[in-house]
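These notes concern the structure reproduced below.
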Amino acid sequence: MRPIRTFNVTPSLPARLEPLRKLAYNLQWDWDFGTTDLFRRLDPDLWESSRYNPVMLLGTINQNRLQEVAEDEGFLAQMDRAAQRLEDYLKERTWYKKHRKEPTPDECYAYFSMEFGLTSCMPVYSGGLGVLAGDHLKSASDLGLPLVAVGLLYQEGYFAQYLNADGWQQERYPINDFYNMPLHLERNPDGSELRIGVDYPGRTVYARIWRVQVGTVPLYLLDTNIEPNNQYDQDICDRLYGGDIDMRIHQEIMLGIGGVRMLRALGLAPTVYHMNEGHSAFLALERIRMLMAETSLTFSEAFYLAQSGQMFTTHTPVPAGIDLFPPDKVLYYLGSYAGHFGLSNEEFLALGRENTGDLSAPFSMAVLAIKTAAFVNGVSALHGEVSRHMFCGLWPQLPISEVPITSITNGVHARSCVAKPTQELYDRYLGPSWSQASPINPLWKRVDAIPDEELWRNHELCRSQMIVSVREHLEKSLLDRAASPLELAKAKEVLDPKVLTIGFARRFATYKRAALFLRDIDRIHEIIEGNGTGRRVQFVIAGKAHPKDAPGKELIRQIIHFTRDEGLDRSIVFVPNYDIHVARVMVAGCDVWLNNPRRPREASGTSGMKAAMNGLPNLSVLDGWWDEADYVATGWPIGSGEDYEDPEYQDEVEANALYDLLEKEVVPLFYNRDPEDIPRGWVAKMKDAIRLNTPMFNTARMLKDYATRAYFTCSDRAYRLIQSNFAPAKTLAQWESHLAEHWYEMKIEEVRISEPANLQVNQQFKVEALIRLGALQPQDVQVELYQGKVDIDGEIHTGVPSVMVCQGTDERGRSCYAIEVTYTVSGLQGLSLRILPKHENLSSPYAPRLILWAEPEDVQINVGAEVLEKAPVAEAIAMTS
Ligand SMILES: *Cc1c(COP(=O)(O)O)cnc(C)c1O
């Protein structure tokens with residue numbers, strides 16, 4: 001039956017309890033144990049059954065219970081303290097105020113992501129990407145950054161996982177009840193729903209807007225599940241990563257284009273647009289279209305203006321991880337933009353193509369994002385390098401090391417992932433600012449002052465709590481599938497609170513190799529059973545496979561079957577329905593965190609960071625973040641960063657390395673106890689993990705990096721370009737097109753080198769270049785000497801550029817550039833020359849993707865010639881990455 005009228009009924013609270021409403025609707029409770037304890041205190045069972053959802057809790061709690069606590073002075077005092085903390089928190093903004101000296105007017109950074117993992121009661125994330133996005137918002141709020149976020153609100157969210165009796169993953173899609181979640185529906189002044197419309201072929205799709213308040217940061221989520229949208233359009237916000245390629249395009253249009261329109265409808269005019277992964281890259285098209293429609297800007301003027309404030313963070317190290325759309329589909333859905341821009345179809349499609357001449361090439365969201373961004377980064381140092389290789393085709397003439405894709409290593413939000421008793425311990429010994437303190441803060445020295453006994457007892461407590469929680473979780477899921485009493489009885493006995501516990505939890509993508517540790521049945525048996533020494537080992541495993549990923553599901557089944565067949569079901573436990581809550585319990589209660597992806601497939605990985613913050617050593621392949629951590633002091637490296645051709649062989653070698661480490665290093669260190677039963681060596685490693693990894697792999701550090709390296713500069717540049725009625729943007733666009741037109745008319749005619757072929761280390765010599773700039777002026781270009789070792793293939797691969805200084809023009813009208821240089825190492829060294837564009841409003845000299853190298857065949861080289869009397873001494877240019 002369809003209702004004739006609907007109401008949004010919100011919890012009815014006694015007046016004295018009104019602060020609870022404010023607390024429930026600001027997600028800051030997620031990382032404030034004082035507040036979550038308050039909700040638990042209201043009704044512990046309901047708190048759990050609601051999946052830790054305070055809005056649901058307040059909406060369904062027995063009214064008598066509310067009356068009761070309204071007169072409970074202890075409760076009221078706790079509530080008032082929590083409300084005061086929230087109020088104080090919202091007023092802070094200290095880091096931003098202190099570090100942003102002259103913010104641009106109305107500075108605002110819009111952060112777009114397909115998924116956000118903030119807290120377990122909002123299942124609109126699938127894994128690491130979403131949790132990272134959630135942590136990004138939390139830390140942006142902690143630091144007081146003026147950030148707003150944009151995403152989609154999925155009706156079904158991501159699936160809940162359970163296993164059938166055979167160990168095969170089953171998916172259940174719980175319907176998200178928006179009205180009982182910490183969401184505000186955005187409304188017009190007259191009380192009606194605020195809506196936006198987005199054009200799709202032949203129709204407009206409408207969306208309403210829900211806001212999640214994450215501390216000071218609003219996250220706006222679009223929801224198409226409304227009339228008058230047809231069923232298909234309502235389903236755009238049905239499932240995260242659901243549907244076919246057409247549905248994916250529909251979703252990405254809603255996220256990118258709808259997101260830009262939504263910000264406008266909310267009265268926001270962000271100065272920076274940050275694309276977290278390529279899903280949202282269509283936002284560039286809509287921004288350019290809007291700029292053109294509302295100002296007198298041409299396409300290229302609007303393009304450079306849009307680009308000046310856009311950033312792109314890539315998260316995948318493999319081409320298969322990138323969204324690619326067939327060109328005909330892109331034209332079908334977005335061809336109208338070619339018309340708006342005054343571009344031909346091929347010119348339009350070129351925005352998403354690496355090789356613009358390949359007319360059959362698919363349209364890549366990552367390429368669109370890169371081409372329309374002023375700042376591009378990978379998510380670990382290693383991933384930055386991999387990304388430079390992946391996208392170097394966009395800068396075919398640039399040495400790989402200079403491809404302008406840098407890296408900002410991921411982090412995790414400390415207050416969200418460290419267990420409560422452990423946070424209290426850190427608060428006591430380090431002071432409460434530990435959760436945001438930088439690596440050089442002297443407070444980290446105080447980690448040594450934490451008594452070993454206290455740290456160890458605390459960790460044992462976390463392990464026991466995890467085991468209790470795992471048993472309950474298993475029991476509940478067995479009850480759900482009506483398992484036998486025998487199975488239920490067994491679930492109550494899994495794991496042993498005294499045994500070394502290895503944790504492994506992440507998405508079950510095959511490259512993560514969850515079953516690697518089972519490769520040698522006999523050996524793992526012996527390790528688990530302690531080889532007759534009583535030093536046993538147990539495993540806690542969790543993770544979801546993508547619903548369409550049969551090989552991933554097969555891995556889960558393989559683990560379940562193995563444990564049953566081998567009678568190891570007490571020692572290897574698979575915890576179903578991995579989510580943020582399960583993750584938090586596991587990273588706190590395990591002893592070691594295992595990670596064995598196929599290098600370099602794990603762009604960063606973050607669960608190991610969460611474990612490290614809880615004091616866990618990591619045992620991991622040198623991939624992602626771990627490659628740049630102190631992997632000797634704070635854990636153990638599996639292998640030493642080798643890359644393999646043959647995956648079978650790699651599995652063999654790395655499984656053996658894992659077994660060796662477990663037998664020779666991990667197990668002995670854990671079980672080597674002093675008379676007080678404390679493993680001193682182990683505790684020392686825990687302390688190193690806390691001291692070194694907490695400040696480094698923390699979203700507080702990450703957000704500071706994004707702010708100082710990108711948000712501030714992008715905001716400044718974008719603001720500069722719109723001054724005087726867009727005059728600088730227009731100048732930049734005209735300059736760039738002039739440059740592109742005349743770039744290849746330039747000619748490096750002659751190079752004079754003061755010394756012959758034999759030089760000594762540190763011997764100075766002069767280089768002078770005579771260049772015909774043609775239609776360009778000296779101020780348009782940067783002429784660089786590029787020197788370095790000549791490799792076996794006769795090329796300089798890792799050279800160092802230094803800027804040559806213009807000395808004027810010679811009698812034949814050629815511009816003279818000069819420099820004085822030396823070589824600091826011996827061997828076969830070479831030099832070359834190159835020209836790059838130069839303009840004050842360019843985000844980098846690489847942005848126009850123009851570079852002119854001196855061609856050995858075309859340049860007249862004059863050795864030992866008379867060169868200028870005085871030339872400036874080389875100063876190496878700082879590299880981008
Ligand atoms: C942290 C986290 C992840 C990411 O883990 P990786 O180690 O990066 O694979 C995935 N899912 C959940 C629920 C998490 O909390």
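Order of listing sets the numbers, starting from 1, for every ligand and every atom in it. Numbering starts at 1 and runs along the sequence shown. Heavy-atom basis, side chains included; hydrogens, waters and symmetry copies ignored.
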Practice task
For atom 3 (C) of ligand 1, state which one of Lys610, Arg507, Arg506 supplies the nearest heavy atom.
Solution key: Lys610
Handout entry: Residue Ala583 vicinity, atoms of ligand 1 by number, heavy atom under 4.0 Å
Key = 15 (O)
Practice task
Measure from the ring center of Tyr241 to the ring center of His279 and say whether it is less than 6.0 Å.
Solution key: yes
Practice task
Provide the number and element of each atom of ligand 1 under 4.0 Å from a heavy atom of Gly128.
Solution key: 3 (C), 4 (C), 10 (C)
Exercise for the section: Kindly state whether the ring of Tyr706 and the ring of His136 have centres lying under 6.0 angstrom apart. Expected result: yes
Problem - Close aromatic pair by centroid cut-off 6.0 Å: Tyr52 and Trp47 - result: yes
Practice task
May I ask you to decide if Glu652's main-chain N or O and Asn656's side chain share a donor-acceptor pair within less than 3.5 Å?
Solution key: yes
Problem - Top protein contact for atom 11 (N) of ligand 1, by heavy-atom distance - result: Tyr578 CE2, 3.4 Å
Completion exercise
For Val131, the ligand 1 atoms with a heavy-atom partner under 4.0 Å come out as 12 (C), 14 (C), 15 (O)
Handout entry: Per-atom contacts of ligand 1 with Gly605, taking only distances under 4.0 Å to non-hydrogen atoms
Key = 8 (O)
Problem - Distance filter under 4.0 Å to Asp579 heavy atoms, resulting ligand 1 atoms - result: 13 (C)
Practice task
Run the ring-centre check on Phe517 versus Phe539 and record whether the distance is less than 6.0 Å.
Solution key: yes
Handout entry: 4.0 Å heavy-atom contact, Lys512 with ligand 1
Key = yes
Practice task
Check whether any side-chain N or O of Ser141 sits under 3.5 Å from a backbone N or O of Leu137 as a donor-acceptor pair, and report yes or no.
Solution key: no
Exercise for the section: If the plane angle is over 60° it's perpendicular, under 30° parallel, otherwise tilted; pick one for Trp29 and Phe39. Expected result: perpendicular
Handout entry: Close N or O approach (Thr606, ligand 1; < 3.5 Å)
Key = yes
Practice task
Give the contacting part of Ser607 toward ligand 1: side chain, backbone, both or neither, where contact means a heavy-atom distance below 4.0 Å.
Solution key: both
